[in-house]
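Before any comments, here is the structure.
These numbers were taken from a predicted model, which means no experiment stands behind them. In the text below, chain A, chain B and the rest are named by the order of the sequence lines, each starting its count at 1.
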2 protein chains.
Amino acid sequence: MEIQLQIKMNEKLFLRDPEQSELGKKIILHSIQLIHLNGFEAFTFKKLAEAIGTTEAGIYRYFENKHRLLIYLTAWYWSWLEYRVTFHTHNIKDPVVKLKMVIKLLATTVEDDISTRHVDESILHQIIITEGSKAYLTKRVSEDNKDHLFKPYKDLCAVIGNMILDCNTKYKYPKSLASTIIEMAHLQNFFMNNLPSLTDFGKNKDEAEIVLFLEDLVFSSLHSTQ
Amino acid sequence: MEIQLQIKMNEKLFLRDPEQSELGKKIILHSIQLIHLNGFEAFTFKKLAEAIGTTEAGIYRYFENKHRLLIYLTAWYWSWLEYRVTFHTHNIKDPVVKLKMVIKLLATTVEDDISTRHVDESILHQIIITEGSKAYLTKRVSEDNKDHLFKPYKDLCAVIGNMILDCNTKYKYPKSLASTIIEMAHLQNFFMNNLPSLTDFGKNKDEAEIVLFLEDLVFSSLHSTQ
DNA sequence: TTTGCAAAGATAGTGTTACTATCATTTACA
DNA sequence: TGTAAATGATAGTAACACTATCTTTGCAAA
């Protein structure tokens with residue numbers, strides 16, 4: 001049995017759906033590799049076209065510009081992560097166990113899990129750690145938000161927020177705590193590997209310790225009697 | 001009595017010290033305004049030169065490129081904030097009260113406080129919220145770190161980490177909690193104003209609520225019996 | 001079998017960005 | 001008054017971020 005996951009993306013994320021053609025899939029595959037290799041700033045459509053063996057104009061038929069492509073990749077990533085969260089927390093009754101699973105999924109490098117043909121999820125995960133926030137840290141954020149480009153991110157945050165409430169109905173900041181977990185799962189990973197003195201994980205560089213930190217943070221807040 | 005604050009910056013942050021000349025000070029003043037107005041991506045040395053009334057080449061004598069200028073601005077900001085933290089927590093004995101003061105300083109818009117002639121601190125604060133993380137989220141981060149360009153940020157983080165330990169010597173993640181507070185003070189503010197569904201502050205858009213959230217987060221962790 | 005049409009390929013062109021170089025002029029100050 | 005440093009003025013280049021147009025290919029309905 002081979003299962004293939006297909007994620008349906010908002011049409012405003014692209015000009016032409018990259019999932020619907022060979023060229024489109026190549027754009028996704030190679031853009032992930034190139035961004036990972038040189039970083040988003042050094043990434044250009046010209047280099048991407050050369051890597052694929054097509055021309056710049058060809059890429060522009062799929063994506064307005066490289067920033068839109070980044071938004072597409074992040075949206076895809078968050079959709080995929082929400083699916084993984086749903087999948088891996090299914091049948092878990094205890095909300096605490098559930099939330100621990102989510103923290104683990106957020107903060108741990110993906111092995112081959114639920115996979116897709118044309119996306120390398122573990123490299124994409126690395127990209128989102130370094131480049132993900134650049135998708136929304138712009139002057140255009142409100143317009144892009146109106147086009148629902150960040151919906152997958154907000155949906156995931158809402159799902160986690162609800163799980164937090166399942167642990168403690170009286171907790172006052174479920175959404176902020178959810179976005180804090182999501183962002184910190186990535187940022188502590190970046191710091192651990194690049195600016196280790198900003199973390200307590202520099203010695204072992206072990207993702208498992210980030211999980212422990214986040215668990216302590218979350219469940220202290222949720223069990224607090226303050 | 002008029003007090004002027006002068007912050008001594010690492011020499012690797014610039015080619016020529018902008019604090020030492022009128023042109024240099026104009027570069028700082030106007031770059032802050034322009035980045036705030038159009039965002040860092042749309043900011044160019046040409047536009048900056050036009051705003052100042054000098055030429056591109058003139059700017060390049062002070063800063064290698066716009067990314068270095070951003071690093072300079074962030075480094076200045078974190079140095080200034082560390083000074084404010086030291087100043088405002090001085091003479092406070094209770095470590096909990098001290099840490100609460102820090103959270104307030106991090107998460108609240110600055111009014112005219114400890115001021116400098118050529119830097120608009122409240123606009124700079126806004127810039128750091130949106131653009132600050134772009135200073136280190138790059139492929140060059142390790143090299144830049146070797147040049148100590150992020151020292152002010154790391155110093156502030158260390159100071160806060162020690163205050164955390166003063167509250168609870170046994171707490172296991174002082175540095176990670178410190179970087180979490182710093183980053184979240186900014187990011188929750190950005191989300192509140194731009195992607196409010198990621199927070200619990202969308203209704204009132206009140207920074208004071210971010211302070212309460214962070215206090216709850218921090219002191220739950222530090223008083224936790226888990 | 002033809003026609004028709006969308007996707008992709010090929011090529012060219014434009015304005016802007018991110019620099020680098022050079023030389024003349026002003027300013028500071030010794 | 002002389003000299004060096006800072007600044008101003010101008011020019012130039014390679015890469016980037018697009019846009020336009022025209023041709024070719026493949027495939028499907030008439």
Side-chain angles (χ1 to χ4, degrees), chain A residues 9 11-31 34-35 37-73 118 131 134-135 138-140 143-144, chain B residues 9 11-31 34-35 37-73 118 131 134-135 138-140 143-144:
Chain A
M9 305 291 289
E11 304 222 332
K12 296 227 174 173
L13 284 164
F14 47 75
L15 297 172
R16 183 174 299 166
D17 188 353
E19 308 254 5
Q20 299 303 318
S21 72
E22 281 313 305
L23 180 58
K25 286 173 193 166
K26 276 192 199 166
I27 290 173
I28 304 305
L29 182 74
H30 288 88
S31 64
L34 276 179
I35 294 173
L37 196 62
N38 306 315
F40 184 66
E41 279 71 34
F43 169 76
T44 70
F45 276 7
K46 190 167 192 187
K47 288 177 196 164
L48 176 59
E50 276 163 24
I52 296 174
T54 182
T55 57
E56 259 183 296
I59 317 283
Y60 277 104
R61 288 185 182 119
Y62 283 82
F63 293 99
E64 257 181 82
N65 53 53
K66 70 172 186 168
H67 185 249
R68 282 295 173 118
L69 174 52
L70 179 65
I71 295 180
Y72 178 91
L73 293 177
H118 57 288
E131 321 289 356
K134 296 172 191 169
T138 69
K139 281 280 157 188
R140 283 191 50 93
E143 293 163 65
D144 289 345
Chain B
M9 305 292 289
E11 303 221 333
K12 295 228 174 173
L13 284 164
F14 46 75
L15 297 172
R16 183 174 299 166
D17 188 353
E19 308 254 6
Q20 299 304 318
S21 72
E22 281 314 306
L23 180 58
K25 286 173 192 167
K26 275 191 197 167
I27 290 173
I28 302 306
L29 182 74
H30 288 87
S31 64
L34 277 179
I35 293 173
L37 197 62
N38 305 314
F40 184 65
E41 279 71 34
F43 169 77
T44 69
F45 276 7
K46 191 169 190 185
K47 289 177 195 163
L48 177 59
E50 275 161 26
I52 296 174
T54 182
T55 58
E56 260 183 295
I59 318 283
Y60 277 105
R61 288 182 182 122
Y62 283 82
F63 293 99
E64 256 181 82
N65 52 52
K66 71 172 185 167
H67 185 249
R68 282 296 173 117
L69 175 51
L70 179 65
I71 296 180
Y72 178 91
L73 293 176
H118 58 288
E131 321 289 356
K134 296 171 191 170
T138 69
K139 282 281 158 188
R140 282 191 51 93
E143 291 163 67
D144 288 346

Charged N-O contact under 4.0 Å between Arg140(B) and Glu143(B): yes
Phosphate contact (dA7(C) OP1 or OP2) by Ser21(A) side-chain N/O below 4.0 Å: no
Sugar-phosphate only, base, or nothing, as touched by Thr55(B) at under 4.0 Å among non-hydrogen atoms: base
Spacing between Ile27(B) atom CD1 and dA6(D) atom P, to the nearest angstrom: 13 Å
Leu15(A) CG - dA7(C) P separation (whole Å): 12 Å
Side chain of Thr44(B) - closest among dC19(C), dT17(C), dG9(C): dT17(C)
Check ion pair Lys12(A)-Asp144(A) (N to O, under 4.0 angstrom): no
Neighbour count >12 (heavy atoms, 6.0 Å) for atom NZ, Lys139(A): yes
Lys NZ or Arg CZ of Lys66(B) over Phe43(B) ring: under 6.0 Å, within 45°: no
Option passing side-chain contact (heavy atoms from CB on, under 4.5 Å) with Ile59(B) (candidates Asn65(B), Leu23(B), Thr54(B)): Thr54(B)
Out of dA17(D), dA7(C), dT7(D), whichever nucleotide has its closest atom nearest the side chain of Arg16(A): dA7(C)
Spacing of Leu48(A) atom CG relative to dC18(D) atom P, expressed in whole Å: 14 Å
Nearest to side-chain heavy atoms of Thr54(A), which nucleotide of dG9(C), dT11(C), dG8(D): dG9(C)
Sorted by number, the residues of residues 58-71 of chain A with heavy-atom contact under 4.0 Å to DNA chain C: Arg61(A), Tyr62(A)
Nearest-angstrom distance from the residue atom CG of Asn38(B) to C1' of dT16(C): 15 Å
Atom pair distance, as rounded to whole Å: NZ in Lys46(B) and P in dG12(D): 14 Å
Whole-Å distance separating the NZ atom of Lys47(B) from the C1' atom of dT17(C): 10 Å
Spacing of Glu22(A) atom CD relative to dC27(D) atom P, expressed in whole Å: 12 Å
Ala57(A) side-chain proximity, nearest of dT17(C), dT7(D), dT11(C): dT11(C)
Glu41(B)/Lys134(B) ion pair, N-O < 4.0 Å: yes
Identified side-chain contact (heavy atoms from CB on, under 4.5 Å) partner of Ile27(B) from the options Tyr72(B), Tyr62(B), Phe45(B): Tyr62(B)
Length of the line joining Glu56(B):CD and dT16(C):P, which is rounded to integer Å: 13 Å
